Amino acid sequence: MIFALVDCNNFYASCERVFNPGIVGRPVLVLSNNDGCVIARSQEAKDLGIKMGVPVFEVRAIIARHKIAVYSSNYALYGDMSNRVMKVLFRFTPSMEVYSIDEAFLDLSGFTTRDISQYARDIRRTVGRWTGIPVSIGIGPTKTLAKLAGNAAKKIPAMGGVAALFDPDHQRDALGATEVEDIWGIGRRHGRMLKAHGIHTALDLAGQPDPWVRSKMGVVGLRLVHELRGESCLDLETQPKDKKSCRVSRSFAKGVTRREDLQSAVASFAERASEKLREAGLVAGAVTVFLHTNGFRTDQPQYRNATTLVLDPATNHGSAVIGAAMDGIEKIYRTGFSYKKAGVMMEGLSRASGTQLSLLAPKTHQSTDAMKAFDAINRRFGSGTIRHGATMLGNNWRMAQQHRSPRYTTCWEELATVR
DNA sequence: TCTGGGGTCCTAGGACCC
DNA sequence: TCTGGGGTCCTAGGACCC
């Protein structure tokens with residue numbers, strides 16, 4: 001097998017730049033929902049030492065001093081740009097796995113290792129020209145080595161955005177130059193554990209005996225080590241699998257105390273969650289509602305709770321899901337707390353077409369036609385045009401989004417204008 | 001003052017079955 | 001003191017990913 005990993009560079013920041021060339025060459029930050037944390041940085045912002053995930057208030061001074069361009073996250077834009085990139089990639093191979101919003105694995109088996117780098121350069125140039133998004137490409141005999149090559153392609157400018165790892169000597173060098181915590185699949189905990197055992201580089205790790213790896217890091221770790229050695233254990237998953245769970249949750253801009261506000265927030269989350277299920281053709285067998293106070297505010301009384309309601313029969317119907325979520329919030333809401341976050345989780349998902357009929361549950365009168373009309377109206381006139389009443393009980397819970405760019409590619413009212 | 005959101009898989013232990 | 005053997009299913013928690 002020959003795997004290529006295509007990775008969009010600084011994806012969200014790059015998306016903002018496509019429509020705003022004035023920020024090319026300037027440091028750019030994209031913030032999490034609620035404008036709380038930094039979740040994407042242009043290279044210039046990384047060079048200023050701004051770390052992934054830091055709270056914005058900790059870097060305010062740097063932002064002001066360097067006139068950094070700051071954006072709230074705009075998922076409508078990023079999701080659409082991602083689709084465009086993936087569409088271009090699909091022209092280069094019939095066999096690919098969309099791994100995340102900004103990454104895809106391509107199967108390039110059938111190429112010789114000699115001309116494969118040239119092909120990758122073609123891919124890179126085409127994506128750049130057609131979408132405006134810069135990408136790096138790593139190539140190797142396993143997914144993990146392709147990932148590793150991708151890091152090199154990104155870090156070493158001389159590579160021209162493409163790196164391949166087939167030659168055993170090259171592999172050895174690359175593994176030796178990679179810190180364990182930079183390996184795909186090694187997180188903070190295992191990184192610390194390995195260093196405590198004197199294992200510092202990917203090369204060190206690849207040299208550990210199997211039983212030791214198995215006992216310290218389970219079967220997942222064992223697979224990873226074999227992949228580092230060049231033995232492919234992770235297949236390309238070309239067919240996206242059905243989701244097993246689906247969640248919608250938000251932090252609130254200000255603490256929420258009133259029951260109506262919380263009900264309205266949770267009803268909105270449930271409404272959105274049921275929409276997502278319908279888009280995916282799934283139904284849920286249960287919904288979990290949770291809420292909690294702000295854990296950072298140790299000066300305030302803390303409370304967190306969750307409850308799960310069975311949906312019988314399994315459903316993706318808006319009113320049914322919202323109804324259950326309202327029962328849930330009724331169960332766990334307590335007065336006297338300032339809530340920071342709430343959400344719903346849809347669980348026990350299955351295909352809507354093969355729904356199990358219930359023996360005991362009463363007949364429902366949930367109209368799928370009504371939901372089809374609901375979705376059609378929102379598709380045509382914009383999401384939120386028609387809503388369930390329960391979502392409008394209170395309105396004091398919206399998240400902060402002060403710097404959102406226009407939805408240039410998905411909303412007629414927000415098209416880019418040329419003056 | 002201000003701290004995101006959405007996923008997956010594995011493991012260990014408990015409850016239960018015959 | 002000593003207390004079978006072999007399963008399945010569920011759950012909570014851990015670890016990781018982007």
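Since the model is a prediction, treat every value here as computed from it, not as a measurement. To find a chain, count down the sequence lines: A is the first, B the second, and so on, and within it residues start at 1.
The side chain of A:R223 contributes no N or O atom lying less than 4.0 Å from OP1 or OP2 of B:dC9. OP1 or OP2 of B:dT8 lies within a sub-4.0 Å distance of a side-chain N or O belonging to A:S245. Distances shorter than 4.0 Å separate some side-chain N or O of A:R297 from OP1 or OP2 on B:dC2. Between A:R214 and B:dT11, a side-chain N or O to OP1/OP2 separation shorter than 4.0 Å is present. For the pair A:K143 and C:dC17, the criterion of a side-chain N or O lying under 4.0 Å from OP1 or OP2 is not met. Taking 4.0 angstrom as the limit, A:K147 places a side-chain polar atom (N or O) nearer than this to OP1 or OP2 of C:dC18. A:K341 has a side-chain polar atom (N or O) that falls below the 4.0 Å cut-off from OP1 or OP2 of B:dG5. Checking the phosphate oxygens (OP1, OP2) of B:dT8, no side-chain nitrogen or oxygen of A:K241 falls inside 4.0 Å. An OP1 or OP2 oxygen of B:dG6 is reached within less than 4.0 angstrom by a side-chain nitrogen or oxygen of A:S249.
Here the side chain of A:S249 pairs no donor or acceptor atom with the backbone of A:G343 at under 3.5 angstrom. Checked by atom type and distance alone, the side chain of A:N316 never pairs as donor or acceptor with a backbone atom of A:S274 at under 3.5 Å. Checking side-chain atoms of A:N74 against main-chain N and O of A:S405 turns up a donor-acceptor pair under 3.5 Å.
Backbone-only contact: A:I186 has heavy atoms under 4.0 Å from sugar-phosphate atoms and none from a base. Residue contacts shown for A:E103 are limited to sugar-phosphate atoms, with no base heavy atom under 4.0 Å away.
At a threshold of 4.5 Å between non-hydrogen side-chain atoms, the residues A:F290 and A:R304 do not count as touching. At least one side-chain heavy atom of A:C15 sits under 4.5 Å from a side-chain heavy atom of A:I133.
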Using the 3.5 Å cut-off, write out each protein N or O paired with an N or O of nucleotides 14-16 of chain B and the distance between them.
none

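A salt bridge is absent between A:E275 and A:R387; no separation between the charged side-chain nitrogens and carboxylate oxygens falls under 4.0 Å. A salt bridge between A:R17 and A:E44 is present, with a side-chain N of the basic residue lying under 4.0 Å from a carboxylate O of the acidic one.
Annotated stems with DNA chain B as a participant read B:5-18 with C:5-18, given as range with range, by first number; only runs of 3 or more Watson-Crick or G-U pairs under 3.5 Å qualify.
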Start with the C-alpha gap between A:R214 and A:V219, add the side-chain angles, then the distance that decides, and say whether side-chain contact (heavy atoms from CB on, under 4.5 Å) holds. CA-CA 6 Å; A:R214 173 71 179 82; A:V219 296; 3.4 Å; yes

Given A:Q263 and A:Y333, is the side-chain contact (heavy atoms from CB on, under 4.5 Å) satisfied, shown in steps? CA-CA 9 Å; A:Q263 284 172 327; A:Y333 174 80; over 6 Å; no

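A stacking contact between A:F57 and B:dT3 is absent: the pair does not combine a ring-centre distance of less than 5.5 Å to the base's six-membered ring with planes differing by less than 30°.
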